[in-house]
Amino acid sequence: MLEFKNYLKEKIHKLLKEKYPLNLSELEISYTPQQKMGDLALTFPVQLAKNMKKEPRKLALEIIPLLSSLEGVEKIEAAGPGYINLFLEREKFFSGQLHSIGQTSLSPEEEKIIIEHTNINPNKAAHIGHLRNACLGDTLGRCLKYKGENVEIQNYIDDTGVQVADVVFGFMELEKKSLSQIKEIKEKFDYYCWDLYVRVSSYLENNPQAETRKSEILKKIEEGKNPEHETAHHISRRIIKAHLQTMGRIGVNYDLLPCESSILHLKFWEKAFSLLKEKKAISFVKEGENKGCWVMYLEDESEKEKIIVRSDGTVTYVGKDIAYQLWKFGLLEEDFYYEPFFKEDGKIVWISTTTPEKESPSFGKGSQVYNVIDTRQAYLQKIVVQGLKSLKFLAQAKKSTHFSYEMVALSPKSLKELNLRVSEEDKEKDFLEVSGRKGLGVKADDLLDRLEEKALAEVEKRNPELSENLKKETAHKIASGALRYFMLKFALNSIIVFDFEEALSFEGETGPYLQYTFVRINSIFRKLKEREGFEEKDIQTLLSSERIPLEKLSESEPANFWDLVLYASQFEEEVLHSIRSMEFSHLAKYSFTLCQKFNAYYHLYSILAEENKDMKRIRILTIYYIREVLKRALSLMGIPQPELM
RNA sequence: ACGCCUGUAGCUCAGGGGAUAGAGCGACGGACUCCGGAUCCGUAGGUCGCAGGUUCGAAUCCUGUCAGGCGUGCCA
């Protein structure tokens with residue numbers, strides 16, 4: 001449809017530009033609210049009439065005869081306040097759609113796009129908040145790749161930060177464990193650290209004098225070559241592996257893990273610092289409360305300046321982030337070294353190091369960068385972009401996108417279910433922020449376990465004859481699909497107040513509903529093969545042989561057929577729309593509606609039992625078309641496609 | 001105090017100038033001897049927070065206002 005609309009726009013513009021003041025960009029083509037009004041609606045006459053001081057409806061009627069040469073259009077009508085509605089030639093359109101399956105009319109616009117997502121502190125297990133981030137980032141990546149873009153996924157690891165230091169403190173000071181003792185811990189390590197981190201946080205709150213030791217640990221971790229550093233390194237690497245495994249469960253993976261430790265040791269910041277000073281992007285404060293600091297002034301003068309380098313000479317988090325952002329664009333004249341870290345499905349995830357390695361791919365040097373971080377980081381992201389602007393990297397500043405979304409919070413009901421204790425003050429609230437520090441959160445693996453357990457029970461109920469392995473594999477796919485759809489279906493601005501019952505649902509607007517639809521279609525094809533020996537390759541014969549006699553359809557079928565096909569044809573428009581608006585709930589909603597339309601159709605018209613050959617052929621082609629579109633939609637959302645369920 | 005976001009059906013949310021405001025859940029009532037009931041069909045349920053304004057047209061844009069959330073660290 002995207003391609004067809006582009007053709008229409010250009011053609012209409014060409015036909016009308018002599019007579020009317022009309023811009024190609026203003027020529028929006030939308031859909032009619034009802035099939036009987038036609039398929040596509042041109043709304044421009046209303047606006048045009050205003051500019052020309054004419055009556056809209058008259059203008060529409062005046063224009064219609066000029067459009068008679070549009071290909072693929074059967075009928076044109078004036079409608080409503082002055083719209084021009086187009087009726088498409090159905091057979092031609094449907095046939096065209098079938099023949100172009102597998103081709104895309106989207107095309108890349110960038111040299112290379114870098115997406116940074118997940119970014120979990122490597123000191124505890126991943127939780128539901130991290131899952132939202134990963135699902136969004138991963139889906140963005142999948143959609144951009146579908147569009148043809150060259151995409152690199154980075155997962156930034158803050159392996160030298162205070163959060164890791166906290167857990168090092170816990171092991172060394174609270175548990176008095178040596179590194180070898182830590183290595184011997186057999187329990188799920190990210191869970192172990194989750195609890196320890198909570199203990200440390202409350203200990204530090206009650207024992208402020210311990211901060212001295214913590215600062216010392218932090219410093220030693222940065223310095224390297226000491227027990228604190230070794231411990232931190234062990235913890236972070238082991239937890240990163242746990243995170244990669246967790247994310248692997250829902251089909252999320254990465255190309256590169258850039259580490260803060262590498263940024264420190266390779267002196268990325270020093271390079272960025274001299275650049276910032278050289279271009280006068282930051283200034284040294286001699287007077288006042290920020291005396292001795294290097295600060296950046298914001299474009300928006302109402303906002304106060306942001307400290308980049310503290311009066312003791314240490315750099316803040318944003319400072320390091322500016323250096324990292326510069327590197328992503330290839331603007332730093334410095335690079336990491338890389339080594340393989342983890343293998344997944346034969347694909348290597350690389351990690352940054354400080355020592356040269358024999359062979360490694362090239363990373364960074366993006367022409368566009370997306371940072372997937374929740375909305376609470378909006379201020380800091382703004383400063384990172386300001387940094388680029390101040391350095392006169394205006395093009396890169398424009399191509400730096402904060403992919404912002406609201407947080408995941410916990411409902412009071414979920415808290416109760418988790419047996420988490422909450423302060424009196426927090427009890428009053430409608431929802432509670434997830435907090436690793438307080439241990440308030442649903443661990444990602446726990447949620448996935450529960451989803452898999454429930455899915456397995458459902459599979460067991462329906463397909464008891466399957467092998468154990470197949471049951472488990474199917475349950476895993478359903479669990480993953482349920483979670484991914486759940487994380488995608490909310491608009492970015494919407495806070496997800498997490499509720500178990502809702503998240504564990506497999507009915508209604510859920511991932512499994514979409515998967516079920518897909519399974520049903522495949523089931524028809526499986527039966528066609530079993531009963532009639534009809535195979536996939538026969539679809540191609542059906543397609544190429546003769547025309548599709550839509551006139552053989554009767555009663556309500558033409559309308560239902562056309563409604564379904566026309567909607568399915570909008571897939572690529574939806575993908576593009578989702579990318580442009582960075583709102584993947586559009587894609588989720590679209591896929592759901594497509595399934596609803598299919599399921600309604602499915603209940604009305606049978607395929608296997610249909611005796612009329614022409615009708616059967618049309619229906620087979622229809623469900624084939626829907627399956628192909630649905631397949632692509634699911635894969636863009638990272639929702640697995642089970643054989644059965 | 002300032003900045004950003006949110007307020008739509010009992011609940012969770014779509015729709016973000018255009019034709020009759022939609023889903024899911026929950027409630028109630030139904031569905032094929034037939035391709036999978038994780039499905040489908042129907043009924044009830046709405047002053048789109050409130051008040052102004054712009055427009056041929058406003059849930060949508062603007063202003064004000066009320067309510068809630070999140071930011072505004074020499075934390076990360």
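Below, chain A is the first sequence line, B the second, and so on; all start at residue 1. All figures in this text were calculated on a predicted structure; none of them were measured in a lab.
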Looking only at atom [atom1], what distance separates [N] and [M], rounded to whole Å?
| N | M | atom1 | answer |
| --- | --- | --- | --- |
| C41(B) | A23(B) | C1' | 16 Å |
| U20(B) | A59(B) | P | 12 Å |
| U54(B) | G10(B) | C1' | 36 Å |
| C28(B) | C62(B) | C1' | 44 Å |
| C61(B) | C56(B) | C1' | 16 Å |
| G49(B) | U43(B) | C1' | 29 Å |
| A21(B) | A67(B) | C1' | 24 Å |

Answer with base, sugar-phosphate or nothing: what part of the nucleic acid does [X] contact at a heavy-atom distance below 4.0 Å?
| X | value |
| --- | --- |
| Val309(A) | nothing |
| Glu507(A) | sugar-phosphate |
| Met407(A) | sugar-phosphate |
| Phe506(A) | base |
| Glu501(A) | nothing |
| Ile495(A) | sugar-phosphate |
| Val459(A) | base |
| Lys291(A) | base |
| Ile478(A) | base |
| Asp499(A) | nothing |
| Tyr379(A) | sugar-phosphate |

Which donor-acceptor pairs under 3.5 Å do side chains of residues 513-522 of chain A form with protein atoms, sequence neighbours excluded?
{"residue": "Tyr513(A)", "atom": "OH", "partner": "Asn599(A)", "partner atom": "ND2", "Å": "3.0"}
{"residue": "Gln515(A)", "atom": "NE2", "partner": "Lys477(A)", "partner atom": "O", "Å": "3.0"}
{"residue": "Gln515(A)", "atom": "NE2", "partner": "Pro640(A)", "partner atom": "O", "Å": "2.9"}
{"residue": "Thr517(A)", "atom": "OG1", "partner": "Tyr513(A)", "partner atom": "O", "Å": "2.8"}
{"residue": "Thr517(A)", "atom": "OG1", "partner": "Asn599(A)", "partner atom": "ND2", "Å": "3.3"}
{"residue": "Arg520(A)", "atom": "NH1", "partner": "Asn599(A)", "partner atom": "OD1", "Å": "2.9"}
{"residue": "Asn522(A)", "atom": "OD1", "partner": "Arg627(A)", "partner atom": "NH1", "Å": "3.1"}

Going by salt bridge (Lys or Arg N to Asp or Glu O under 4.0 Å), name the pairs with one or both residues in residues 116-127 of chain A, residues two or more places apart or in two chains.
Glu116(A)-Lys328(A)
Considering only residues two or more places apart or on different chains, which pairs with a residue in residues 483-492 of chain A satisfy salt bridge (Lys or Arg N to Asp or Glu O under 4.0 Å)?
Asp138(A)-Arg484(A)
For Leu298(A) and G71(B), what is the distance between atoms CG and P respectively, to the nearest whole Å?
18 Å
Whole angstrom value for the distance that separates P of A38(B) from OH of Tyr516(A):
5 Å
Could you run down the sub-3.5 Å N/O contacts of the protein with nucleotides 3-10 of chain B?
{"residue": "C5(B)", "atom": "O3'", "partner": "Asn493(A)", "partner atom": "ND2", "Å": "3.3"}
{"residue": "U6(B)", "atom": "OP1", "partner": "Asn493(A)", "partner atom": "ND2", "Å": "3.3"}

Can you list the stems that include RNA chain B, where a stem is three or more consecutive Watson-Crick or G-U pairs with distances under 3.5 Å?
B:1-7 with B:66-72, B:10-13 with B:22-25, B:27-31 with B:39-43, B:49-53 with B:61-65
Residue closer to the 5' end of RNA chain B, Tyr605(A) versus Gly292(A) (nearest nucleotide):
Tyr605(A)
Protein within reach of the bases, or only the backbone? For nucleotides 15-21 of chain B, mark each nucleotide 5' to 3' as B, S or -, using heavy atoms under 4.0 Å.
S--BBB-
Who are the side-chain hydrogen bond (donor to acceptor under 3.5 Å, both in side chains) partners of [X], not counting sequence neighbours?
| X | result |
| --- | --- |
| Glu28(A) | none |
| Gln34(A) | Lys36(A) |
| Arg619(A) | Glu557(A), Glu610(A) |

Closer than 4.0 Å, any side-chain N/O of Ser523(A) to the OP1 or OP2 of G36(B)?
yes
Ala503(A): side chain to side chain contact (heavy atoms under 4.5 Å, CB included) partners, not counting sequence neighbours
Phe486(A), Phe498(A)
Mark yes or no: Lys320(A) above the aromatic ring of Tyr317(A), with NZ or CZ under 6.0 Å from the six-membered ring centre and no more than 45 degrees from the axis.
no
I'd like to know if [X] and [Y] make a salt bridge, using a cut-off of under 4.0 Å between side-chain N and carboxylate O.
| X | Y | value |
| --- | --- | --- |
| Glu509(A) | Lys589(A) | yes |
| Asp374(A) | Arg376(A) | yes |
| Lys438(A) | Glu205(A) | no |

Check for a donor-acceptor pair, side chain of Asn133(A) on one end and backbone N or O of Thr118(A) on the other, with a separation under 3.5 Å.
yes
Under 3.5 Å: donor-acceptor pair, side chain of Tyr601(A), backbone of Asn560(A)
no
Anything under 3.5 Å between a donor and an acceptor, one on a side chain of residues 288-298 of chain A, the other on a protein residue two or more places apart or in another chain? List them.
{"residue": "Asn290(A)", "atom": "ND2", "partner": "Glu305(A)", "partner atom": "OE2", "Å": "3.3"}

Scan nucleotides 41-44 of chain B against the protein and return all N/O pairs shorter than 3.5 Å with their distances rounded to 0.1 Å.
none

